Amino acid sequence: MNFVTASPDADFRTVLENGGILFFPPGEFSVPASVLDVLTGATQDARSIHKNIAYKTNADNVSGLAGGDSADRVREAMREYSKLALSFMARILPDYARGWKVDYSSFRSIEERGRALPLNKRNDLLHLDAFPTRPVFGDLILRCFTNVNPEQAREWLTSDPFAQFAGREAHHAGLEDYVRLARSPFHSLARGVKRAFRSAGLPVVDRSPYDAFMLHLHAWMKANGTYQENCPKYRFDLPPGSTWLVFTDVVPHAVLGGRLALEQTVIVSRSSLADPGRAPASILEKMTGADLTN
Ligand code: SIN
Ligand code: FE
């Protein structure tokens with residue numbers, strides 16, 4: 001497994017697209033103390049359905065807070081963090097930045113070790129990310145994490161990236177069902193209806209067979225004890241103050257321990273990859289000969 005400390009001569013796109021973790025030691029990206037003061041003072045709502053305090057960058061809106069009168073200050077702090085993270089990411093990855101879609105950012109304030117979450121939401125089981133409400137149609141989920149805990153490392157576990165994973169597991173996970181869906185005349189009909197519902201303002205999600213498969217795969221991986229037990233595993237301790245970037249739909253990952261991390265997500269266009277053939281959707285389309293992203 002590729003863990004690459006960023007150096008000026010490294011080709012960052014190739015590292016990420018091959019399923020590497022692009023690591024920046026403490027000091028390369030810093031979150032201002034004023035932002036951290038506000039965030040570490042904010043309490044997350046333990047009963048909330050939200051796993052983290054999330055900031056919807058485009059809507060300038062925060063969810064997952066316990067309430068009280070700190071919401072405006074937290075929103076401001078998250079806005080500031082998001083702006084800094086996005087400009088850091090755009091500086092190191094200008095070819096992605098030209099075509100990416102800015103997604104949410106989050107503040108992860110709860111200790112991950114021993115966290116009681118329903119199986120499908122557990123962070124300590126290896127998984128690939130897929131968003132139920134935000135299909136990507138073959139584009140990729142890039143996340144930039146910063147461990148803002150001054151003392152404690154964030155403990156990550158990863159496994160072999162998508163190209164190897166898919167070769168071993170995609171058929172077991174039921175990929176053929178999604179190939180059938182892609183080839184079914186009812187699929188394009190259903191998508192047309194969903195698009196009409198959406199433009200009428202109804203909250204339906206219009207997703208491609210690829211998105212449906214990735215969502216299924218997320219749950220399948222977490223529920224699959226054999227995979228969790230037997231897959232190759234790589235352990236990383238991400239030290240206080242460090243920052244790392246990873247395509248979380250390319251690299252199976254889990255967090256075993258740690259609290260206080262900030263994270264910004266962008267959706268990277270498949271066509272902006274140094275090699276679009278390395279996108280998970282391209283790998284699956286090559287394996288099956290089916291068009292999975294329409
Ligand atoms: C995840 O994306 O699954 C969790 C990673 C983290 O919070 O460190
Ligand atoms: Fe994840």
Side-chain angles (χ1 to χ4, degrees), residues 1 3 16 19-24 26 29 31 39-40 44 48-55 63-64 78 81-82 85 89 103-136 139-149 151-162 165 211 214-224 227-228 231 233-268 280:
M1 170 75 201
F3 183 87
L16 292 167
I21 292 184
L22 182 60
F23 176 76
F24 292 84
F29 172 74
V31 182
L39 293 179
T40 49
Q44 194 173 332
S48 158
I49 53 157
H50 303 287
K51 268 206 308 199
N52 310 300
I53 292 175
Y55 175 68
S63 59
M78 288 303 290
Y81 157 71
S82 176
M89 293 165 82
D103 197 75
Y104 302 172
S105 59
S106 62
F107 177 53
R108 296 155 185 244
S109 65
I110 294 178
E111 170 58 59
E112 298 290 346
R113 177 161 284 107
R115 206 173 158 183
L117 286 168
L119 179 85
N120 199 40
K121 293 198 166 191
R122 274 174 62 179
N123 294 331
D124 61 333
L125 295 169
L126 288 160
H127 64 280
L128 292 163
D129 284 348
F131 301 140
T133 56
R134 298 168 341 266
V136 295
D139 292 338
L140 290 85
I141 300 172
L142 178 66
R143 301 188 118 166
C144 174
F145 294 89
T146 299
N147 180 3
V148 293
N149 191 310
E151 280 143 26
Q152 194 184 347
R154 199 165 183 86
E155 297 164 49
W156 265 43
L157 193 65
T158 69
S159 186
D160 286 342
F162 197 86
F165 168 83
D211 290 295
M214 294 301 277
L215 206 52
H216 162 74
L217 195 58
H218 173 106
W220 182 88
M221 290 169 84
K222 285 187 174 175
N224 186 332
Y227 170 72
Q228 295 290 331
C231 70
K233 295 183 187 66
Y234 312 96
R235 264 291 301 262
F236 303 106
D237 282 351
L238 291 315
S242 64
T243 291
W244 61 103
L245 284 88
V246 58
F247 279 121
T248 53
D249 46 7
V250 171
V251 183
H253 58 281
V255 56
L256 305 181
R259 63 181 289 266
L260 304 182
L262 275 159
E263 171 271 332
Q264 173 71 53
T265 303
V266 295
I267 306 302
V268 171

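Everything numeric in this text was worked out from a predicted model, so none of it was measured. Read the numbers this way: they start at 1 and go in the same order the structure lists the ligands and their atoms.
- At least one N or O atom of His253 sits closer than 3.5 Å to an N or O atom of ligand 1.
- Heavy atoms of Arg143 found under 4.0 angstrom from ligand 1 belong exclusively to the side chain.
- Minimum interatomic distance between Leu140 and Val250 (heavy atoms only, all atoms of both residues): CD2-CG2, 3.9 Å.
- Within the protein, the number of N, O or S atoms lying under 2.8 Å from the Fe ion (ligand 2) is 3.
- If you check which protein heavy atom lies closest to atom 4 (C) of ligand 1, you get Arg108 NH1, 3.3 Å.
- Ranking protein heavy atoms by distance to atom 8 (O) of ligand 1, first place goes to Arg154 NE, 2.7 Å.
- Within the cation-pi definition used here (under 6.0 Å to the ring centroid, within 45° of the axis), Arg108 does not qualify as a partner of Phe145.
- Aromatic ring orientation, Tyr227 versus Phe165: perpendicular (interplanar angle above 60°, classes split at 30° and 60°).
- Considering backbone and side-chain N/O of Asn123, none are found under 3.5 Å from N/O of ligand 1.
- Looking at Asn52, its side chain never comes within 3.5 Å of a backbone N or O of Leu262 through a donor-acceptor pair.
- Among pairs with a residue in residues 251-261, none fulfils salt bridge (charged side-chain N to carboxylate O under 4.0 Å, His left out), at least two apart in sequence or across chains.
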N/O donor-acceptor pairs under 3.5 Å from side chains in residues 235-247, not counting sequence neighbours:
unit_1	atom_1	unit_2	atom_2	d
Arg235	NH2	Glu155	OE1	3.4
Arg235	NH2	Asp237	OD1	3.1
Ser242	OG	Pro239	O	2.7
Thr243	OG1	Thr146	OG1	2.9

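- No donor-acceptor distance shorter than 3.5 angstrom exists from the side chain of Asp139 to the backbone of Ile267, with no hydrogens or angles considered.
- For Arg143, the salt bridge (Lys or Arg N to Asp or Glu O under 4.0 Å) partners are Asp129, Glu263, not counting sequence neighbours.
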